[in-house]
Structures are given as C-alpha cells and as structure tokens.
Amino acid sequence: MRATAALLEQAGQPFVLTEVDLEDPRPDEVLVRVAAVGVCGTDLEFAGFFPTPALLGHEGAGVVERVGAHVTSVRPGDHVAMSFTSCGTCSLCRTGSPAYCRGFDAVNFSGRRPDGSTAVTHGGREVNAHFLGQSSFASHVVAPERAVVRIDPSWDLLRAGPFGCGFQTGAGGVLNVLQPRPGASIAVFGAGAVGVAAIIAASLSGCKVIAAVDVNPAKLEAARGFGATHCVDSLAGGTAEQLAALVPEGFDFVIDTTGREDVLRTAVEALGPLGRAGVIGVGPSESMSFDWRSILNGRTVTGIVAGASLPQLFLPRLLELNAEGRFPVEKMITYFPFEEINEAVAAVRSGSVGKAVLTF
C-alpha cells in the first residue's frame with residue numbers, strides 16, 4: 001500500500017514529504033494508521049548520520065488496520081501506542097527486561113528487520129526504516145507486534161505517542177529504576193520533555209526536594225508547574241554551589257537527560273553518600289569521565305534505556321495517570337500538522353516548544 005512519509009534523503013538535511021510503498025504485514029506484524037507522532041531528540045540525533053534514504057520517527061500512536069496471522073495482542077480497530085521493539089527470545093526479554101534486550105541495537109537501529117529486509121520502498125529503492133520498531137514519521141506503519149501497546153480508546157490518541165519514548169523514559173527512570181522513597185531529594189539535569197516526565201514522577205513519589213537544572217529560564221519556570229521545588233539556572237554559573245546550598249549533605253538521586261560529559265560530572269558530584277545517578281540522555285558527548293573520588297561512599301552511576309520499561313504494562317499505567325490528571329504532560333505539547341515537520345524540528349532544536357507532536 002501507499003503511505004505519506006517524511007523521508008530523509010540525505011543525513012543532516014530537511015525531511016521531504018513523499019509517497020512510499022509498504023509491504024503487507026508479515027505474520028508477526030501489524031499495520032497501524034498513525035494519528036500522531038512525537039518529535040524526539042533521538043530522531044534528531046540519528047538524522048545526522050543514519051544511512052539514507054531513511055524513515056525515522058518512534059513516538060507514534062494510531063489505530064490498527066490489519067494484523068498478521070500470528071498476532072494475538074491486538075486486532076483491527078484497536079487504539080495503540082508504539083514503543084521500541086525487542087527480540088523476545090534472549091534471557092533479558094524472557095525475564096521482563098526488553099529495554100535491555102541483547103539484540104536491542106540490531107532490531108531498533110539497523111534500519112532493517114532481523115532478516116535484513118525492509119517493509120518500505122521509495123521509487124523502487126529500499127528505505128532504511130523499522131526505526132525503534134516503527135518508523136512512524138508516516139501516515140501508516142508496519143510494526144512488529146512487540147512494538148505496539150493496546151490502549152483504552154477513551155484516552156486521547158493525539159497525546160499518546162510521546163508516552164512510548166520520551167515520557168516513558170523520564171518517568172520510568174524514576175519510578176522503575178531509582179524508586180525514590182518519600183522525602184528523598186533529586187536533581188534533574190535538563191528540563192525538556194524527558195526531564196519534565198522525571199520531575200512529575202519524582203513528585204508522584206513524594207520527593208521533598210526536586211531541583212530542575214537547565215540553561216533555559218523558560219524551561220525552568222515551566223518545570224515549577226510540573227512539580228519542581230527548586231530551579232537552578234546553569235547559565236548563572238556555580239551550578240555545584242547552587243545545588244550544595246539546596247542539599248548540603250548531597251542529593252539522594254540525580255538524573256541526567258543531556259548526554260553532556262560536563263553536566264554528568266556535576267550531577268555525580270552533587271550526590272551524597274549512597275547516592276544514585278541515572279543516565280538517560282543521548283547527547284553530544286561520546287565519553288564520560290569522573291574523578292575516582294566522586295563515586296566513593298557508595299555512589300553509583302546507572303545507565304537507563306527507555307525507562308527500563310515493559311511497555312505493555314508501563315505505558316497504560318502512565319496514560320491512566322494522565323487521564324486522572326496526575327501526569328499532566330499535555331501542558332507541554334505543541335501540535336503541528338504533519339506537513340510542518342521541518343518547522344516542528346526547528347522548534348524542538350531551538351527549545352521554543354516543550355514537546356512537538358505531529359498530527360495527521
């Protein structure tokens with residue numbers, strides 16, 4: 001079938017709206033008509049080097065139109081959010097940790113199915129797709145069953161997409177991994193969509209001190225509305241001193257969403273004894289380094305992928321919290337027509353929007 005897609009013809013160039021051809025879903029796949037898709041920093045990161053022609057996008061939500069013969073968890077007409085995929089057969093997948101699937105990179109970032117094929121072609125050329133199980137910068141998606149999560153049809157489908165990556169990642173980092181006790185202190189470095197989700201989750205967990213750290217005053221001000229008890233403007237300098245003034249004995253937890261070596265070093269050094277740092281940012285730094293003394297006294301640094309989530313369980317939980325008004329991320333969403341994808345990308349890069357979501 002034909003689908004409208006935002007194709008990346010050359011790495012680092014703007015997206016081009018065009019028609020692509022999709023194969024019929026295989027026995028373990030589903031065809032989803034996309035209603036909305038979030039624009040994530042990971043999309044923008046990979047747009048700079050992913051092999052082209054490419055179809056990105058990984059925060060899609062929509063309606064199932066067709067299912068393969070072996071699919072049992074969804075059926076045509078179901079509303080779904082989409083998330084990462086996993087092999088389903090390794091020891092980590094089988095024990096409930098698909099975010100750490102031993103074949104994660106191969107099934108999510110190769111641009112191909114596990115057998116090397118692609119469901120997407122353009123003008124007779126094969127397109128590198130299947131990005132994080134979906135490649136949802138398109139009107140329709142062929143996705144593996146493991147990448148789709150059936151959701152309540154009463155929930156807002158247009159806001160559901162970002163829950164599959166950004167919101168799941170930030171909230172899961174707190175709720176699934178760090179699991180702070182009531183009264184704990186936490187600092188969240190980066191007050192974008194992922195950081196805000198972490199801040200809301202920290203508030204839900206009963207943290208007493210929730211410090212948002214950013215260089216953007218507008219984001220810091222917005223963070224207060226999502227539960228941050230304190231804001232630290234890194235542009236003002238003395239970030240470490242500002243944090244020490246808030247919690248002189250050191251923070252119980254920190255989360256870095258920036259992927260910057262200097263930021264993570266500051267975050268780790270802000271911890272108190274037995275403090276835990278969660279690293280969930282994909283950013284510009286290829287390596288991280290610390291003074292060895294900064295991780296003494298029981299401090300730990302933990303890498304977190306996709307909020308360490310089992311999406312089929314965690315996404316409905318978050319969406320239910322959203323429906324109850326307890327996870328109000330819709331306040332940071334700005335909607336763009338799908339045709340304005342490049343304008344949405346520019347807004348995300350400039351930081352002028354909290355979360356950009358494309359609608360069809």
Quiz item: How many angstroms lie between atom OG1 of Thr52 and atom CG of Asn128, to the nearest 0.5 angstrom?
Solution: 7.5 Å

Exercise. Please answer: with hydrophobic residues joined when any side-chain heavy atoms are less than 4.5 Å apart, are Phe251 and Ile199 in the same cluster?
Key: no

Quiz item: Honestly curious: do Val254 and Leu220 fall in one hydrophobic cluster under the side-chain, below-4.5 Å linking rule?
Solution: no

Quiz item: Is a donor on one side and an acceptor on the other found under 3.5 Å between the side chain of Ser205 and the backbone of Ala201?
Solution: yes

Quiz item: Can any side-chain N or O of Asn176 pair as donor or acceptor with the backbone N or O of Gly173 at less than 3.5 Å?
Solution: no

Quiz item: Stepwise, does the side-chain hydrogen bond (donor to acceptor under 3.5 Å, both in side chains) test hold for Ser86 with Arg146?
Solution: CA-CA 7 Å; Ser86 52; Arg146 292 182 64 80; 2.9 Å; yes

Practice problem: Please round to the nearest 0.5 Å and tell me the distance separating atom CD of Glu29 and atom NE2 of His70. | Solution: 12.0 Å

Self-check item: Atom CD of Glu324: over 12 foreign heavy atoms under 6.0 Å
Solution: yes

Self-check item: Working for side-chain hydrogen bond (donor to acceptor under 3.5 Å, both in side chains), residues Glu145 and Ser73
Solution: CA-CA 8 Å; Glu145 182 182 14; Ser73 63; 2.8 Å; yes

Exercise. With ring pair (Phe, Tyr, Trp, His ring centres under 6.0 Å) as the test, would you mind laying out the steps for Phe131 and Phe50 before giving the verdict?
Key: CA-CA 10 Å; Phe131 187 64; Phe50 205 66; 5.5 Å; yes

Quiz item: So if you build clusters from Ile, Leu, Val, Met, Phe, Trp, Tyr with side-chain heavy-atom gaps below 4.5 Å, do Leu296 and Phe290 land together?
Solution: no

Quiz item: Within a radius of less than 6.0 Å around CZ of Arg112, do more than 12 heavy atoms belonging to other residues, nucleotides or ligands occur?
Solution: yes

Quiz item: For Pro180, which of Val174, Asp252, Ile210 qualifies under side chain to side chain contact (heavy atoms under 4.5 Å, CB included)?
Solution: Val174

Quiz item: Can you tell me if NZ on Lys208 sees more than 12 non-hydrogen neighbours from other groups inside 6.0 Å?
Solution: no

Exercise. Answer yes or no: does atom CZ of Arg293 have more than 12 heavy-atom neighbours from other residues, nucleotides or ligands under 6.0 Å?
Key: no

Quiz item: Are Phe253 and Val301 linked, directly or through other ILVMFWY residues, by side chains that come within less than 4.5 angstrom of each other?
Solution: no

Quiz item: What's the verdict on side-chain hydrogen bond (donor to acceptor under 3.5 Å, both in side chains) for His122 and Asp21, showing C-alpha distance, side-chain angles and the deciding distance?
Solution: CA-CA 6 Å; His122 176 246; Asp21 293 298; over 6 Å; no

Exercise. Using a strict cut-off of less than 4.0 Å between a Lys/Arg side-chain nitrogen and an Asp/Glu carboxylate oxygen, indicate whether Arg260 and Asp262 qualify as a salt bridge.
Key: yes

Quiz item: Once you round to the nearest 0.5 Å, how far does CG of Asp43 lie from CG of Leu8?
Solution: 10.5 Å

Self-check item: Leu315, Val32, Val30 screened by side chain to side chain contact (heavy atoms under 4.5 Å, CB included) with Met82, the one that passes
Solution: Val32

Self-check item: Glu330/Lys355 ion pair, N-O < 4.0 Å
Solution: no

Self-check item: Leu271 CG to Leu243 CG distance, which is reported to the nearest 0.5 Å
Solution: 10.0 Å

Quiz item: Is any NZ, NE, NH1 or NH2 atom of the basic residue among Arg113 and Glu23 found under 4.0 Å from an Asp or Glu carboxylate oxygen of the other?
Solution: yes

